[in-house]
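It should be emphasised that the depicted structure is a prediction, and the values quoted were computed from it without experimental measurement.
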Amino acid sequence: MKSLVRFCGDIELEALTFDIVRQWKSSMEARRLGSNTIRSYIIKLRVVLKYMTMKGIVCLNPDLVPIPQRQTKKVNFISPQDVLRLIGACEVPGAKHINRLRNKAVVALLFSSGVRVSELCKLDKNDVREDFFSVVGKGGVLAPSFIDATARQHIDAYLKKRKDHNPALFVSDQRSYPRMTPDGVQEVFRRLQRITGLEVRPHVMRHSFATDLMRNGADIRYVQQLMHHKNIQTTAQYLHVVDAELHGLHNKFHTKI
């Protein structure tokens, strides 16, 4: 609703036309929103239009608004060995020691927990006293996440060097907004990408977390819970790992005739 009103103004529902919807869709594509995000917006609009039509309110026929096809995206991920390379690359000459420790903790925690970068930046120091914590996922659902031994080691080393009283788990050098932001995390990963040559962004760590679980035989519903996915179809994108390994097992054990 916010996206649509921002595009066409707070017009009456009766004034919404197919051309406005088409232009709205084009504007979202121009802003490089994900194709599946745009698809979900269109579906939600159709639901509203169907409901209004059912109530007898004159509005655009929802059947005139086509639903874009779902696009299957390639899941990019890196191996645990590559994660260790990233952590090692945080030892950038000239960087502040506290920032090197922070960046190691950021990389390790993203891989350990699979949280979104926005969720990572909202964490406070009190949230990680134990080896598990909760984040408010999409839809306002409280969901569990976990800290492995490597992430624990880097978080503790970082916090031990902190002398400030800021409650945020990760802080930046920006005095105007000391809590680290998603843009700040993105910049850390851009530097690490230049150093290592790995095609990696913060969200790739989330993909890598899920891929690692699937590769090690975790049940898809367990992965769904750890990824905080509302729909298991979202988690199913990580089955590509199982598919690839099944092909190898087929070649190894199937009798050739």
Check your understanding: When you check the gap from the basic side-chain N to the acidic O, do Asp156 and Arg152 get nearer than 4.0 Å?
Key ->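 Yes.
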Interatomic spacing from [atom1] in [X] to [atom2] in [Y] - rounded to 0.5 Å:
{"X": "Glu187", "Y": "Leu192", "atom1": "CD", "atom2": "CG", "answer": "10.0 Å"}
{"X": "Leu101", "Y": "Arg162", "atom1": "CG", "atom2": "CZ", "answer": "11.5 Å"}
{"X": "Arg116", "Y": "Met227", "atom1": "CZ", "atom2": "CE", "answer": "7.5 Å"}
{"X": "Glu130", "Y": "Ile147", "atom1": "CD", "atom2": "CD1", "answer": "9.0 Å"}
{"X": "Leu213", "Y": "Ser208", "atom1": "CG", "atom2": "OG", "answer": "11.0 Å"}
{"X": "Leu123", "Y": "Ser134", "atom1": "CG", "atom2": "OG", "answer": "10.5 Å"}

Can you tell me if [X] uses its side chain to pair, donor with acceptor, with the backbone of [Y] under 3.5 Å?
{"X": "Ser112", "Y": "Asp148", "value": "yes"}
{"X": "Lys125", "Y": "Asn166", "value": "yes"}
{"X": "Asn216", "Y": "Asp212", "value": "yes"}
{"X": "Gln237", "Y": "Thr234", "value": "yes"}
{"X": "Arg179", "Y": "Asp124", "value": "no"}

**Study point:** Non-neighbouring partners of Tyr158 that pass ring pair (Phe, Tyr, Trp, His ring centres under 6.0 Å), sequence neighbours left out
**Key:**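 Counting only residues at least two positions away or on another chain, Tyr158 forms a ring pair (Phe, Tyr, Trp, His ring centres under 6.0 Å) with Phe170.
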Review point. Thr235 and side-chain hydrogen bond (donor to acceptor under 3.5 Å, both in side chains): which partner among Gln225, Arg221, His229?
Key: His229
Shared-cluster residues of [X], by chain and number - hydrophobic side chains joined below 4.5 Å:
{"X": "Val92", "result": "Ile195"}
{"X": "Met1", "result": "Val5"}
{"X": "Trp24", "result": "Leu4, Phe7, Ile11, Leu13, Leu16, Phe18, Ile20, Val21, Met28, Leu33, Ile38, Tyr41, Ile42, Leu45, Val48, Leu49, Tyr51, Met52, Met54, Ile57, Leu60, Leu64, Val65"}

Quick check: closest heavy atoms across [X] and [Y], and the distance to 0.1 Å?
{"X": "Cys121", "Y": "Val185", "value": "SG-CG2, 3.8 Å"}
{"X": "Ser3", "Y": "Arg31", "value": "OG-NH2, 4.4 Å"}
{"X": "Arg102", "Y": "Val171", "value": "NH1-O, 3.0 Å"}
{"X": "His228", "Y": "Pro144", "value": "NE2-O, 2.9 Å"}
{"X": "Asn76", "Y": "His207", "value": "O-CB, 3.0 Å"}
{"X": "Asn103", "Y": "Arg191", "value": "ND2-NH2, 4.1 Å"}

[X] versus [Y]: any side-chain heavy-atom pair under 4.5 Å?
{"X": "Phe209", "Y": "Leu110", "result": "no"}
{"X": "Met214", "Y": "Phe77", "result": "no"}
{"X": "Pro68", "Y": "Lys25", "result": "yes"}
{"X": "Ile78", "Y": "Arg85", "result": "no"}

Exercise for review: Could you go through the side chain to side chain contact (heavy atoms under 4.5 Å, CB included) check for Leu169 and Leu109 one step at a time?
Suggested key: CA-CA 11 Å; Leu169 175 58; Leu109 184 55; 4.0 Å; yes
Study note, to complete from the structure: Here the salt bridge (charged side-chain N to carboxylate O under 4.0 Å, His left out) pairs for residues 41-68, sequence neighbours left out, are none
Check your understanding: Only one of Arg194, His203, Met205 forms a side-chain contact (heavy atoms from CB on, under 4.5 Å) with Phe189, so which one is it?
Key ->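 Result: among Arg194, His203, Met205, Met205 is the only option passing the side-chain contact (heavy atoms from CB on, under 4.5 Å) with Phe189.
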Practice item. Take Val106 and Val188 through the test side chain to side chain contact (heavy atoms under 4.5 Å, CB included) and record every step on the way to the result. Key: CA-CA 9 Å; Val106 165; Val188 168; 5.6 Å; no
Point to revise | Test side-chain hydrogen bond (donor to acceptor under 3.5 Å, both in side chains) applied to Asn61 - qualifying residues, sequence neighbours left out | key: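 Asn61 satisfies side-chain hydrogen bond (donor to acceptor under 3.5 Å, both in side chains) with no residue once adjacent residues are dropped.
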